[in-house]
Amino acid sequence: MPELPEVETVRIGLSRLLPGKKIVHITCNWPKSFPNTPKDVQTRLLGAQIVDVARRAKLLLIELNTKHSLIIHLKMTGQLVFRSKQQHFGAGHPSHSLVGELPDRSTRVTFTFADGSKLFFNDQRKFGWIRLLPTAEVSQIDFFQKVGPEPLAADFTAKDFALRIRRRLKSGIKAVLLDQSVIAGVGNIYADESLFGAKIHPETRVINLSDNQLKKLYESLKKVLLLSIEKGGSTDKNYVDAEGRRGSYLSFANVFRRQGKPCPRCGTTIIKIKVAGRGTHICPHCQVSFQKTTFTAHSVAMTPADTIKQ
DNA sequence: CACTTGACCTGTCCGC
DNA sequence: TGCGGACAGGTCAAGT
């Protein structure tokens, strides 16, 4: 489930390994994973050298010296694993790698470089994709036209965050966090973790969130994203970094995949519910709805849905 | 407009 | 043991 921290971890690894590499060969056994025409590949990609590796939202951008870029979305089960010539022949794969000999059953695309090293695009569920585009056109694709700001950008303030979240006043806050056109890069794991950190129930309507709650959520979101990047992201089943290593954030997670276990703050058993069509993990004591926290004990507890109906 | 559902896919797990 | 079905969740498109 690569989200911002996982894609950023891959970017950090690839930006150390790939610049200067010259592409000499490409194979693809699932055309939907890399739908460019063979002619495009032949003229725009073979012989190209990698200049830089960048990230925007959950997308990786590999810039080439041919005024073209590769855009890669890992979706749920995508992996980009680099192997040097030594790792590939003779010495075997590195011992720290979670991934065995490559290519394997899930390998969709293989890039071979002039020095004999390789980059493998593995994707068990085939939802991910790679596309080749003129670099000048990258910012024009639909996704980049509508995607929201980077939550970790230095100039992205709590005020910016609140303004963007409040464009969806009637929606539940988790659905809004997951909406890539509001804020870039947040998926199921960091939505749950940031809401827990801010003590907000994921079904709370945005209209019922105070300035202070949104400020807390902004801080909580940035905190979990930064911690996860520090820990190399979250590996549930599939995710690995550019060298095939797992991320360890999930052992620091407070609620995600911890249903049945005690809340680290209050000890109440964490539960899993369904919100916005996603599995959602909450502490039912810490994360109560806005009304329940602001009305006195003897007043009638109203759910956010009740408020909307009135 | 906001929300839900289905599509894209495969591997895993659960119950029978 | 095998089989059907639910589930996992990023994004888009279509339907309510």
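Sequence lines set the chain letters: A, B, ... in the order given, protein chains first and strands last, and positions in each chain run from 1.
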Segment of DNA chain B, first to last nucleotide, that comes within the 4.0 Å heavy-atom reach of chain A: B:dA2 to B:dG11
When the [atom1] atoms of [M] and [N] are compared, how many Å lie between them, rounded to an integer?
N	M	atom1	result
C:dC7	B:dT4	P	16 Å
C:dG5	B:dG6	P	15 Å
C:dT11	B:dT12	C1'	23 Å
B:dT5	C:dA6	P	14 Å
B:dC14	C:dG9	P	16 Å

Sugar-phosphate only, base, or nothing, as touched by A:Trp30 at under 4.0 Å among non-hydrogen atoms: sugar-phosphate
Sugar-phosphate only, base, or nothing, as touched by A:Arg105 at under 4.0 Å among non-hydrogen atoms: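 Here A:Arg105 touches the backbone only, sparing every base.
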Residues [X] and [Y]: side-chain donor-acceptor under 3.5 angstrom:
X	Y	result
A:Tyr190	A:Ser228	yes
A:Asn238	A:Thr77	no
A:Thr135	A:Lys67	no

Option from A:Lys58, A:Arg164, A:Arg56 for which salt bridge (Lys or Arg N to Asp or Glu O under 4.0 Å) with A:Glu150 holds: A:Arg56
Ionic contact status for [Y] with [X], cut-off 4.0 Å:
X	Y	value
A:Lys215	A:Glu219	yes
A:Asp192	A:Arg278	no
A:Lys75	A:Asp123	no

Within 45° cone and under 6.0 Å: A:Lys231 NZ/CZ vs A:Phe252 ring: yes
Residues A:Ser117, A:Asp115; criterion side-chain hydrogen bond (donor to acceptor under 3.5 Å, both in side chains); working and verdict: CA-CA 6 Å; A:Ser117 58; A:Asp115 63 0; 2.5 Å; yes
Parallel, tilted or perpendicular, as decided by the 30° and 60° cut-offs, for the rings of A:Phe156 and A:Phe161: perpendicular
Measure from [atom1] on [X] to [atom2] on [N] and round the result to the nearest Å.
X	N	atom1	atom2	answer
A:Phe143	C:dA13	CZ	P	13 Å
A:Ile71	C:dT11	CD1	P	14 Å
A:Leu177	C:dT11	CG	P	14 Å

Expected output: side-chain A:Tyr239 to main-chain A:Glu6 donor-acceptor under 3.5 Å: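 Yes, A:Tyr239 side chain to A:Glu6 backbone: donor-acceptor pair under 3.5 Å.
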With 3.5 Å as the limit, what N/O pairs link the protein to nucleotides 6-10 of chain C?
from   : atom 1 : to       : atom 2 : distance (Å)
C:dA8  : OP1    : A:Lys272 : NZ     : 2.4
C:dA8  : O3'    : A:Arg257 : NH2    : 2.9
C:dA8  : N3     : A:Arg125 : NH1    : 3.3
C:dG9  : OP1    : A:Asn188 : ND2    : 3.2
C:dG9  : OP1    : A:Arg257 : NH2    : 2.8
C:dG9  : N1     : A:Arg125 : NH2    : 2.8
C:dG9  : N2     : A:Arg125 : NH2    : 2.6
C:dG10 : OP2    : A:Asn188 : N      : 3.3
C:dG10 : OP2    : A:Arg278 : NH1    : 3.1

Each stem that DNA chain C is part of, given as range with range (3 or more consecutive Watson-Crick or G-U pairs, under 3.5 Å): B:2-8 with C:10-16, B:10-16 with C:2-8
